[in-house]
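Note that the structure is a prediction, hence the values are computed from the model and not measured. Residue numbers begin at 1 in each chain, while the letters A, B, ... track the order of the sequences.
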Amino acid sequence: MDNSIIRVETLHKSYVNGSNALHVLKGVDLDIRQGEMVSIMGSSGSGKSTLLNIIGILDNYDAGAYYLDGIKIEKMSETRAARFRNKYIGFVFQSFNLISFKNAMENVALPLYYQKVSRKKRNMIALEYLEKLGLREWAHHLPSELSGGQKQRVAIARSLISKPKVILADEPTGALDSVTSEEVMEILKEVNATGISIIIVTHENEIAAQTQRIIRLRDGIIESNEVNHNFSNEVSAGVLLEQR
Amino acid sequence: MIDYLEEIFSTLKQNKLRAIMTGFSVAWGIFMLLLLLGSGKGLQNGMEYNFRGSSTNAIWIHSGETGESYEGLGKGRRIQFTNEDYDMLKRELAGIKNISGRMYLRSSAPLTYKNEFGIYTITGVMPEYNGIEILDMQQGRFVNRLDIDNYRKVIVLSQPIVDVLFKDEDPMGKYIKAGGVPFQVVGTFYDYQNQDARKAFIPISTGQRVFGGANRLANLAITTASTSVEENKQIESEIKSLLARRHRFSETDDRAIFIWNTLEHFRQAQGVFAGIRMFVWVIGIMTIIAGIVGVSNIMIILVKERTREIGIRKSIGATPWSVIRLVLSESVFITAVAGFFGLLFGMGVLHLANMVLMGIAEGNDMVNRMFYNPSADFGVAVSATLILIAAGLIAGFIPARKAAAIKPIEALHDE
């Protein structure tokens, strides 16, 4: 369990809506190791978004336990949750979620603003990350001037800048065409190769097929949790692989 | 700090028109407050200008005719003050600072100098009189004790008389005839209340002796050592009972003597103006509240529009406090900047009004008596600024709370 980055034990979550209680997660067990690239699949209503929200400390759970990097995450103040998010987790969303009136560099630098890094320094770091993602010359463009793929790359740069342990990607390619999807997946794999764990929520089999492990959720329980034998990534150390 | 402003600017730039419109309501509120306060101050200054020539704690005593029969004496009896009244009040009355009797010569004594002459009011007074009616001495001195004791024939002239009789000549030490009797000019002055007042003062003892006044006094004037209305009223009633006993009229007779208590009227006027000032503040603050509601309203809409952005910020590590701060500082920024413009504009208008009024007042002193130096002082500006910041905080409070309560998950799915 030493290199476990996310460990979830019999997690329960229900949403109370008036007199109706919707039991969304019905005892989920999950263990994701450091450096793993995992996909979570499931139809809508399967609870995968809820699980991602709990892992991302955007939501609380009712019962069970959740350990992030060995620290038990319980019901905590929003301020503390914000600190954890800032320090451990990077988010990549389907709809990119860039701030429209800030340019690419400022968007990337934003997490560091909340770490109280000086403006000059954080902009410099943001430029470095944009450079890595091949967007150096787009640094001063607003999101509206970027293509979908570029926006997602900016979002990835933003998720990386705070040097998180985990990147949570919620349908990261959902709004992209197949070619750009492929590009984004390549980037995520490269990121993964640097040792950052990545959890991708997706309903596309082609995307899931590119991860080391595919977890399928159905009606709030894990239906299957299997190592992807088709996974092809030379940096996928530690996982049993069969080359295609 | 720069980061902070950057954040504010970048969001305000989003919607300049809205920020300006919102700010306008606040600017207008402050502008109105300032204008009202300035006007109130102007009216008050005008009132105080009116009191300028007289000590504010003066009591003027005039005699009349008895309105009631008393101790067998019929009504309609004329009360005549004499030097004994003066001596008695001076002796018996505690808490007075200056006391003077007055007598008037008018048609009986035209003033002549060389070929010029004119008929002016000549008043016989005590030296202390200068502490009751305050004169703007130009040259020389006022009547003094030696003048009284030695029945000196000296005279103090107001500058307009000097201008008429002496033209460009220096009047000091010159002899001027009053009713044919030569008096030496020892001082000149301007009357604060009326620059054009033509009057002259002589020692009362000389006046009584030379012009056949015997020991009669037309009226008495006193200033007290106290500045409270109660004590002055107390002194006033003592005066009345002392004089009533001496002249044998009823203390309840309000026609035998008339007492004008300047302090009481001054305080009354001041009270009225304090009331006006409070009223003005209330109206001003109400106006600002309208502005606050406007700002608050806009901020709520703004927060709603920015739900997604706030959700993004939270998901990447913005604490609730930093979100609150973001909204509050924006609201304070709008109100402070707008308010500053309102303040500046209001000050400008007041300044302009003051200049125009001063122009008009050059030729007409009446203006100054009604409306004088309408200005909002530094204290007002400071309190207005504090109000603005408080207003910004209040205006931002509800929106900020709304913003802080935004759940990132919901915000991010808020398409």
### Query
Out of N97(A), D59(A), L110(A), I57(A), which one racks up the most heavy-atom pairs below 4.5 Å with chain B?
N97(A)

### Query
How many angstroms lie between CZ in R308(B) and OG in S100(A), if you round to the nearest 0.5 Å?
10.0 Å

### Query
Has H351(B) got more than 12 heavy atoms of other residues, nucleotides or ligands less than 6.0 Å from its NE2?
no

### Message
Is there a side-chain contact between I99(A) and R313(B) in this structure, where contact means two heavy atoms from C-beta onward sitting under 4.5 Å apart?
### Response
yes

### Summary
Scored by heavy-atom pairs under 4.5 Å with chain A, the best of A404(B), G317(B), S322(B) is G317(B)

### Query
Above 12 or not: heavy atoms from other molecules or residues under 6.0 Å from CZ of R83(A)?
no

### Summary
Distance col, row I316(B):CD1 vs F91(A):CZ, nearest 0.5 angstrom, shows 10.0 Å

### Segment of Y113(A) engaging chain B (4.5 angstrom heavy-atom cut-off)
side chain

### Task
Mind checking the CG-OG spacing from N86(A) to S315(B)? Nearest 0.5 Å is all I need.
10.0 Å

### Task
Report, as yes or no, whether the 6.0 Å neighbourhood of atom OH on Y15(A) holds more than 12 heavy atoms from other residues, nucleotides or ligands.
yes

### Query
For R218(A), does the CZ atom sit with more than 12 other heavy atoms under 6.0 Å from it, leaving out its own atoms?
no

### Task
Might you confirm whether atom NZ of K26(A) has over 12 heavy atoms from other residues, nucleotides or ligands at distances under 6.0 Å?
yes

### Task
Please look at L52(A) and chain B and tell me whether the side chain, the backbone, both or neither of the residue comes under 4.5 angstrom of a heavy atom of that chain.
neither

### Task
Could you grab the distance from atom NZ of K314(B) to atom CZ of R85(A), nearest 0.5 Å is fine?
7.5 Å

### Query
If you draw a 6.0 Å radius around CZ in F101(A), do more than 12 non-hydrogen atoms from other residues or ligands fall strictly inside?
yes

### Query
Checking K102(A) against chain B: side chain, backbone, both or neither under 4.5 Å from a heavy atom?
side chain

### Task
Could you have a look at S159(A), P111(A), S118(A) and say which one has the most heavy-atom pairs with chain B under 4.5 angstrom?
P111(A)

### Query
Between W321(B) and E78(A), is any pair of side-chain heavy atoms under 4.5 Å apart?
no

### Task
Decide if atom CE of M76(A) counts as having more than 12 heavy atoms of other residues, nucleotides or ligands within a radius under 6.0 Å.
yes

### Heavy-atom neighbours of F84(A) CZ exceed 12 at 6.0 Å
yes

### Query
How close do A82(A) and A318(B) get, heavy atom to heavy atom, and via which atoms?
CB-O, 3.5 Å

### Message
Report which part of R158(A) has an atom under 4.5 Å of a heavy atom belonging to chain B: side chain, backbone, both, or neither.
### Response
side chain

